[in-house]
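In this chain, numbering begins with 1 at the start of the sequence shown.
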Amino acid sequence: MDAKDALAFVAENHRAVMVTTGRSGKIQTSPITVGSDGTRAVISSRETAYKVRNLQRDPKVILCVFTDAFFGEWMQIEGRAEIVHLPEAMELLENYYRDIRGEHPNWDEYRQVMRDEKRVLIRIEIDKVGPTKQG
């Protein structure tokens, strides 16, 4: 299993739990929706969210990605996050939405919500993928 396999899995399965390291050194988990930009895993979040603050301090991240059925296939992705802020993130956020949900009925409204919520795009460079064995 490699990054290419992980991106193919993420392109079809968008439910995940993100693990970051909090200020105290303890782990912090967040349920997220994940997609792929073709080379990295991508996530939308609010600039003020704990996961974003955690990643700004320490970009190491783990994702546990699973199917909509929850039980069954799953994948762990380890990597390093890069945070893209608005206004540079807007086109990336549009692509993220489009890849996961399709066309938005009103892109102007979507863009305004992204600005109002101070959205960022988190891009994850994949370093390691697992599991390589089933237990």
Set out, in order, the CA-CA distance, both residues' side-chain angles and the distance that settles side-chain contact (heavy atoms from CB on, under 4.5 Å) for Y50 and T20, then state yes or no. CA-CA 9 Å; Y50 283 112; T20 60; over 6 Å; no
Run the side-chain contact (heavy atoms from CB on, under 4.5 Å) check on V61 and I122 step by step: do they pass? CA-CA 11 Å; V61 61; I122 302 168; over 6 Å; no
Hey, mind stepping through R123 and L92 against side-chain contact (heavy atoms from CB on, under 4.5 Å) and telling me if it holds? CA-CA 10 Å; R123 297 193 285 206; L92 303 172; 3.8 Å; yes
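Under the side chain to side chain donor-acceptor pair (under 3.5 Å) criterion, Q76 pairs with E78, not counting sequence neighbours. Among residues two or more places apart in sequence or in another chain, the side chain to side chain donor-acceptor pair (under 3.5 Å) test is passed with R115 by Q112. Partners of E117 according to the salt bridge (charged side-chain N to carboxylate O under 4.0 Å, His left out) rule, which considers only residues two or more places apart in sequence or in another chain, are R119. For A3, the side-chain contact (heavy atoms from CB on, under 4.5 Å) partners are I126, not counting sequence neighbours. Listed by chain and number, the residues in a side chain to side chain donor-acceptor pair (under 3.5 Å) with D37 are T39, R40 (sequence neighbours excluded). Taking D58 as the reference, K60 meet the salt bridge (charged side-chain N to carboxylate O under 4.0 Å, His left out) condition, with sequence neighbours excluded. By the side-chain contact (heavy atoms from CB on, under 4.5 Å) test, E109 pairs with H104, N106, sequence neighbours left out. Looking at residues two or more places apart in sequence or on another chain, you find a side chain to side chain donor-acceptor pair (under 3.5 Å) between N95 and R98.
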Could you pull out all donor-acceptor pairs under 3.5 Å where a side-chain atom in residues 29-36 meets a protein atom, sequence neighbours excluded?
| residue | atom | partner | partner atom | Å |
| --- | --- | --- | --- | --- |
| S30 | OG | Q28 | NE2 | 3.1 |
| S36 | OG | G38 | N | 3.0 |

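Contact record, F9 with V65: CE2-O, 3.6 Å, taken as the closest heavy-atom pair.
Grouping Ile, Leu, Val, Met, Phe, Trp and Tyr residues whose side-chain heavy atoms lie under 4.5 Å apart, directly or via other members, places I27 in a hydrophobic cluster with V19, I62.
Legend: salt bridge (charged side-chain N to carboxylate O under 4.0 Å, His left out) pairs involving residues 10-28, not counting sequence neighbours, sorted by first then second residue: R15-D68. For residues 51-70, the ring pair (Phe, Tyr, Trp, His ring centres under 6.0 Å) pairs, not counting sequence neighbours, are F66-F70.
Between the side chain of Y97 and the backbone N or O of W107, no donor-acceptor pair lies under 3.5 Å.
Hydrophobic clustering (ILVMFWY, side-chain heavy atoms < 4.5 Å, transitive): M90 and I83 are in distinct clusters. Y96 and L7 sit in two unconnected hydrophobic clusters of ILVMFWY residues. Membership requires side-chain heavy atoms under 4.5 Å apart, directly or through other members. By the rule that hydrophobic residues join a cluster once side-chain heavy atoms approach within less than 4.5 Å of another member, L121 and I100 end up as members of one cluster. Under the 4.5 Å side-chain heavy-atom criterion for ILVMFWY residues, a single connected hydrophobic cluster contains both L63 and M75. Residues I124 and V84 are members of separate hydrophobic clusters, defined by side-chain heavy-atom contacts under 4.5 angstrom among Ile, Leu, Val, Met, Phe, Trp and Tyr.
Within a 6.0 Å sphere centred on CD of E73, heavy atoms belonging to other residues, nucleotides or ligands number 12 at most.
Between E82 and E125, every side-chain heavy-atom pair lies at or beyond the 4.5 Å cut-off.
Applying side chain to side chain donor-acceptor pair (under 3.5 Å) to N54 and the options R57, K51, Q56 leaves one that passes, R57.
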